[in-house]
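In the text below, chain A, chain B and the rest are named by the order of the sequence lines, each starting its count at 1.
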Protein chains: 2
Amino acid sequence: MPIGLQSELLRDRRNVELLSLLRDDPRMGTAELARRVGMSAPAVRERVMRLEEAGIIVGYRLELNPAALGYPVCAYVRVRPAPGQLPKVAELARRLPQVVECHRVTGDDCFVLKIHLPALDRLDEVLDQFLAHGQTTTSIVQSTPVPLRGLPLPD
Amino acid sequence: MPIGLQSELLRDRRNVELLSLLRDDPRMGTAELARRVGMSAPAVRERVMRLEEAGIIVGYRLELNPAALGYPVCAYVRVRPAPGQLPKVAELARRLPQVVECHRVTGDDCFVLKIHLPALDRLDEVLDQFLAHGQTTTSIVQSTPVPLRGLPLPD
DNA sequence: TATGAAACACACTGAGT
DNA sequence: ACTCAGTGTGTTTCATA
């Protein structure tokens, strides 16, 4: 079900238009979508379902304010595991709820993690756990010139 | 309207339950939410609207498959701007559609960017532009032990 | 694949507690 | 702040082109 750019579905302009509309408002209903693309509601429903089942639409997300949840501080942590500790690091990242994202990457550091904290002085709690399995480098987020955004759609 | 953990709204268990339900399915309708929390639909709607207006619910997102859009490669790029080039880097990040995220951070490197590419051999196109304003360090994402996930809710 | 009609469910409003 | 009830839409299925 994962897909390449060769997906026939994305060669159809109306599908792309539906994605564009849904991106602007993921909760837009079938009827409204149908009006805007000039089709009947059942047809639109069918198309959106196909886009979901093809894995082009991965899902719908609720975006919450981390600060409101008590995690106003955000940081990136790179982890360079000690020999043999690589799986332990991934495991630990999975287990810690403060870790909202963890990627295995090329380069001197093997992992890039994004974490959220209630305060800066709670950073050590997290780092200490990773330091048991390797070295860490931390970059605290000061501001966000480009907040998470979508990639361009075809055409 | 941004909010701290002291938000009264999050001290109410039913609000937290609503957030939890909406996190599992952001397109769940008012009626369904109402059934699950044992309240009337208008009451639920009122609560969700408050959560939105308070900035606790930041928004709803459509998550698309980058590979399906023709961007199967993901990388983190750290940029260390040359003296005086700092605003240029942020500007450039904003302008490039491959950049899906850009943060100003502490540490030797001033920016962390997340980028998506159609192929590995298209990395230079992006890096060259940043290299005009400073140094870059690139980490290509090989796998993702923890895909983007939400923070824990109160209680 | 698409549409149109029909049955059903939902969202929204206003009045009342 | 919540419920209840009424109205207008929206959603979904099915038959059909």
Any donor and acceptor pair, going by atom type alone, linking the side chain of B:Arg94 with main-chain N or O of A:Pro145 inside 3.5 Å? yes
End axis versus end axis in the helix from C:dT1-D:dA17 to C:dT17-D:dA1, the angle rounded to 10°, five pairs used at each terminus: 30°
Between P on D:dG10 and CZ on A:Arg36, what's the gap in Å once rounded to a whole number? 12 Å
Expressed in angstrom and rounded to an integer, what is the separation of B:Glu32 atom CD from D:dG10 atom C1'? 16 Å
Is it true that A:Arg13 and A:Glu17 have a side-chain N and a carboxylate O under 4.0 angstrom from each other? no
Do B:Val99 and B:Leu92 share a hydrophobic cluster (ILVMFWY, side-chain heavy atoms under 4.5 Å, transitive)? yes
For residues A:Tyr60 and A:Glu52, is any side-chain donor paired with an opposing acceptor at under 3.5 Å? yes
Rounded interatomic separation in angstrom, taking CZ from B:Arg35 and C1' from D:dT3: 16 Å
Of A:Ala31 and B:Ser40, the one whose nearest nucleotide on DNA chain D sits closer to the 5' end is B:Ser40
Aromatic ring proximity B:Phe111/B:His103, centre distance under 6.0 Å: no
Length of the CE-P vector between A:Met39 and C:dG4, whole Å: 13 Å
Tell me, which of residues 41-51 of chain B have any heavy atom that sits under 4.0 Å from an atom in DNA chain C? B:Pro42, B:Arg45
Atom CG of A:Leu33 to atom P of D:dT12: distance rounded to whole Å? 12 Å
Look at the side chain of A:Ser139 and the backbone N and O of B:Val105, then say whether any donor-acceptor pair between them is shorter than 3.5 Å. no
To the nearest angstrom, the CZ-P distance between B:Arg14 and D:dC2 comes to 6 Å
Gap between atom CG of B:Leu64 and atom CG of A:Leu151 - 0.5 Å precision: 8.5 Å
So, the side chain of A:Thr144 versus the backbone of A:Val146: is there a donor-acceptor pair under 3.5 Å, distance only? no
Rounded to the nearest Å, what distance is computed from the CG atom of residue A:Asp25 to the C1' atom of nucleotide D:dG10? 15 Å
Starting from C1' on D:dC2, measure out to CG on B:Asp12 and report it in whole angstrom. 13 Å
With heavy atoms under 4.0 Å as the rule, sort A:Thr30 into base, sugar-phosphate or nothing. sugar-phosphate
Can you tell me if CD on A:Gln142 sees more than 12 non-hydrogen neighbours from other groups inside 6.0 Å? yes
